[in-house]
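The structure appears below as structure tokens.
So you know, we letter chains A, B, ... as the sequences are listed, proteins then strands, and number each from 1.
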Number of protein chains: 4
Amino acid sequence: MGSAGAGKSRRMPREVRERQMMDAAVATFGQRGYRAASMDEIAELAGVSKPLVYLYLNSKEELFTACIRREADALLAAVRAGVVERGIAPDQQLWAGLTAFFAHTAEHPDAWSVLYRQARTHGERFADEVAGMREELVSFVTGLLREAARATPTSAEPADLGDRDVVGVAQALVGAAEALAGWANETPDVTAREAASTLMNFAWTGLGGLMDGERWSAGNSAVVRR
Amino acid sequence: MGSAGAGKSRRMPREVRERQMMDAAVATFGQRGYRAASMDEIAELAGVSKPLVYLYLNSKEELFTACIRREADALLAAVRAGVVERGIAPDQQLWAGLTAFFAHTAEHPDAWSVLYRQARTHGERFADEVAGMREELVSFVTGLLREAARATPTSAEPADLGDRDVVGVAQALVGAAEALAGWANETPDVTAREAASTLMNFAWTGLGGLMDGERWSAGNSAVVRR
Amino acid sequence: MGSAGAGKSRRMPREVRERQMMDAAVATFGQRGYRAASMDEIAELAGVSKPLVYLYLNSKEELFTACIRREADALLAAVRAGVVERGIAPDQQLWAGLTAFFAHTAEHPDAWSVLYRQARTHGERFADEVAGMREELVSFVTGLLREAARATPTSAEPADLGDRDVVGVAQALVGAAEALAGWANETPDVTAREAASTLMNFAWTGLGGLMDGERWSAGNSAVVRR
Amino acid sequence: MGSAGAGKSRRMPREVRERQMMDAAVATFGQRGYRAASMDEIAELAGVSKPLVYLYLNSKEELFTACIRREADALLAAVRAGVVERGIAPDQQLWAGLTAFFAHTAEHPDAWSVLYRQARTHGERFADEVAGMREELVSFVTGLLREAARATPTSAEPADLGDRDVVGVAQALVGAAEALAGWANETPDVTAREAASTLMNFAWTGLGGLMDGERWSAGNSAVVRR
DNA sequence: CATGAATGAGTTTTCATTCAT
DNA sequence: GATGAATGAAAACTCATTCAT
């Protein structure tokens, strides 16, 4: 008889078991919420006994943290993979990244919920974990923005876009993307491409203006080019 | 000193007590999260016994719902108040609204957390409550966008901005505002005016372009004016 | 304007208020059960404030006791009234009493529930109260049985029916009546007369035999007349 | 001493623990009443922690239902066992059944209280459970009565006892038995045999008359043989 | 390696009862 | 006399976590 019997297939390598548990955990945390998810439910969904979950993952907190990390890494990897495939003009890169972002979040709604709903709502300990990933996204976008600014000869005074501005814009852009992703996930017909298009239309043209030195100021309604 | 001494004076009219309880509830829910907040803690913070909380507010769910509603109304009222004071050019209105939005959320971080973190993470029942408010914000912005589009003679073909586009843009704008508010609340030095400026700069110029018929398309990197 | 205004008619004599409260209490205790009935509900149903209930009836226990007593007295009175009207042959008296018993319990289901379900299930303190009434019923029946025995010349040795036997039979008779009343109350079509008939047929003929000296004994299946 | 010492030995197989819990529950429910019995008390009496009670029996309601079922089955089994041993003449069978009934209820007063006091007083959900058992008792008695009627050649017109009559008589008989059991349980010296004798004397002779066509009617005091 | 057995601590919720006015 | 305001105490139920095997 081979060791991999056709029966219940107990005894699996730790790695595999751990993945099953985390899959179950992400699904449960995503759907029920961190507090409402019970270790019982997670263990049952993973098809293992509760003590085994504790043996491998120590505590609910650590389990949740591990979920956040895994899913954050996966999302980042997806975005980067989407971009790296090509690798040319900044707007194309942004477009590719956004598309990947929207596609990934749409395909992994539980992970989305864990990262963007649960983690941020249950203590700084977890929120910081996501904040780290978010910063990487922002710095990724910031890089693209800078590259675009450099590549845009139109602007006579290229340093117009201050550092703080760039970060602010990147923050807003990422925030808008996250908000759009949430919206798209809850709205049946919206595809990743559509969402990405909407955002690009909205953002890139504005960015173009911004980089051309256009500013809106509270004093006068017109957009001035200084 | 009147007979209503400042001393121990337990015994207060229901209205007052109810407000105290809801203040305590918003603070606790906002900081601990819906599930982690205990009725015990809320009661203690309000300075009353738990049964009184139940007598007046029936259950944790109803209490939370009441908090959401109160804070949603307050936020909407703040935004509208900020705008109505003036009442002129659409961009000025948007600016006023955004400023009011950022100011209000900055001044009421617990309410912010309740509305944008907790309510959305603990069951549709609560999320719907916020979705209602959000829709009012979106429709408010949508109105401004339409008004602006009408008022912009530049665009030869005024119907360029389709209905779906307008709503999508408004969604993104509101989402960006919400994301910025979150960022501003967590970043010490950022003021409401600054946040509003960033967003206006980012959004309004882009909108201008959009209304002028500029579009970004995946096919070619340049922004085309069709 | 007379003091009995057409308005809310506050200020009613204590007696009246007390009756209202006890009516409400009997209804609530009967339907919800002693423990499940809340003073809140009783007060509301009676249309008074809770402190007033306490002022007049002191405590839940006392209130319940008062209810039991009132309804026990009412039931006894109904049975006696049914009998006294006539006053002749013992079997006719029993028939009248049973009919009155079944009619009263059918007309006052809440009182029935209080006496026969609730009171016996929530502590000796209350059970004793009902036991008192029950003893009066039993002794009433015992009296009839003795009277009947005396009036039956058939039995050569009239002392055949020992004291213990008589009480046992009376117990069984009352028990059967109570069980039948419960059954009749839960079975739509059964009338008080029908129930009484069934019991009389069952019981009286048997009693006749008993008084004639017939006995059933475990040793031989036949009924012997010794 | 074996490895299974009589010492502290917590850790027991589920089956055993479950029985212990239900024993404790029957005792507590029987003595305190359904509502007054607390899960804490039951757990303590069973020598386990509350969570274990919930783990095995889910809720107070389910626990109570399980108790009712177990005790109802036990009582039915006792009655049937008492009868089946013999299996001859109907009156002997009835006698055996009654004796077993009285003996069992006398030996298990808490179970008696659960079945005949508590279950009937706390919601149809539970009452129905007992009603089921009661129906089996009634149909058991009904069968005996029919058998007896068939076996009695005395009656010229054997169909005299209508179906409704038989059921009514069986109801009253069972009711009388239940009442007698209650009385016997509360009265020190009364033995099961005595109670059974009383009822047989009372009932069987009457049944004999009934089957002979004797009827009592409100119109005339005499028992007529029609 | 893997699990059935077990629990301490905490949650929401309810209720009988009493003041202060 | 009558009530709105208020609470101490307890009940049902849940959960993360740990042993003993």
Can you check nucleotides 19-21 of chain E for protein contacts, nitrogen or oxygen pairs under 3.5 Å, and list what you find?
unit_1	atom_1	unit_2	atom_2	d
E:dC19	O2	B:R11	NH2	2.3

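As rounded to whole Å, 14 Å separates atom C1' of F:dC13 from atom CD1 of D:I42. Atom CD of B:E18 and atom C1' of F:dA5 are 13 Å apart (whole Å). Between the P atom of F:dA16 and the CE atom of A:M21 lies a distance of 16 Å, rounded to the nearest Å.
Taking side-chain N and O atoms only, D:R14 has no distance below 4.0 Å to OP1 or OP2 of E:dG4.
In this structure, C:K60 has no side chain to side chain donor-acceptor pair (under 3.5 Å) partners at least two apart in sequence or on a different chain. Contacts of A:D40 classified as salt bridge (charged side-chain N to carboxylate O under 4.0 Å, His left out), with partners at least two apart in sequence or in another chain: A:K50. Judged as a side-chain contact (heavy atoms from CB on, under 4.5 Å), and not counting sequence neighbours, C:D73 has no contacts. Scored by the salt bridge (charged side-chain N to carboxylate O under 4.0 Å, His left out) test, D:R32 finds D:E41 as partners (sequence neighbours excluded). Taking the ring pair (Phe, Tyr, Trp, His ring centres under 6.0 Å) definition, one finds that B:H122 meets it with A:H122, B:Y34, sequence neighbours left out. With sequence neighbours excluded, no residue forms a salt bridge (charged side-chain N to carboxylate O under 4.0 Å, His left out) with B:E44.
Within residues 31-41 of chain D, no residue has any heavy atom closer than 4.0 Å to DNA chain E. Within residues 52-64 of chain B, the residues having any heavy atom closer than 4.0 Å to DNA chain E are, in order of number, B:Y54, B:S59, B:K60.
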Bracket string, DNA chain E, 5' to 3' - pairs by Watson-Crick or G-U geometry under 3.5 Å, | interstrand: .||||||||||||||||||||
Could you pull out every donor-acceptor pair under 3.5 Å between side chains of residues 51-58 of chain D and any protein atom, sequence neighbours left out?
unit_1	atom_1	unit_2	atom_2	d
D:N58	ND2	D:E62	OE1	2.8

Would you mind writing out the side-chain donor-acceptor pairs for residues 18-30 of chain B within the sub-3.5 Å range, not counting sequence neighbours?
unit_1	atom_1	unit_2	atom_2	d
B:E18	OE1	B:R14	NE	3.0
B:Q20	OE1	B:R17	NH1	2.9
B:D23	OD1	B:R70	NH1	3.2
B:D23	OD1	B:R70	NH2	2.7
B:T28	OG1	B:A24	O	2.8

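Of all nucleotides listed (E:dT3, F:dA10, F:dC13), E:dT3 comes nearest to the side chain of A:S49. Comparing E:dT7, E:dT12, E:dA2 by their closest approach to the side chain of D:V48 singles out E:dT7.
Looking at C:T65, its side chain does come within 3.5 Å of a backbone N or O of C:E61 through a donor-acceptor pair.
Residues A:S113 and A:Q118 have side chains in contact (heavy-atom distance under 4.5 Å, counting atoms from C-beta outward). A 4.5 Å side-chain heavy-atom check between D:V114 and D:F64 finds at least one atom pair inside the cut-off. Taking the side chain as every heavy atom from C-beta outward, D:W112 and D:H108 never approach each other to under 4.5 Å.
Smallest separation of non-hydrogen atoms from B:L115 and B:R120: O-CG, 3.6 Å.
One N or O donor and one acceptor, one from the side chain of C:K50 and one from the base of E:dT17, sit under 3.5 Å apart.
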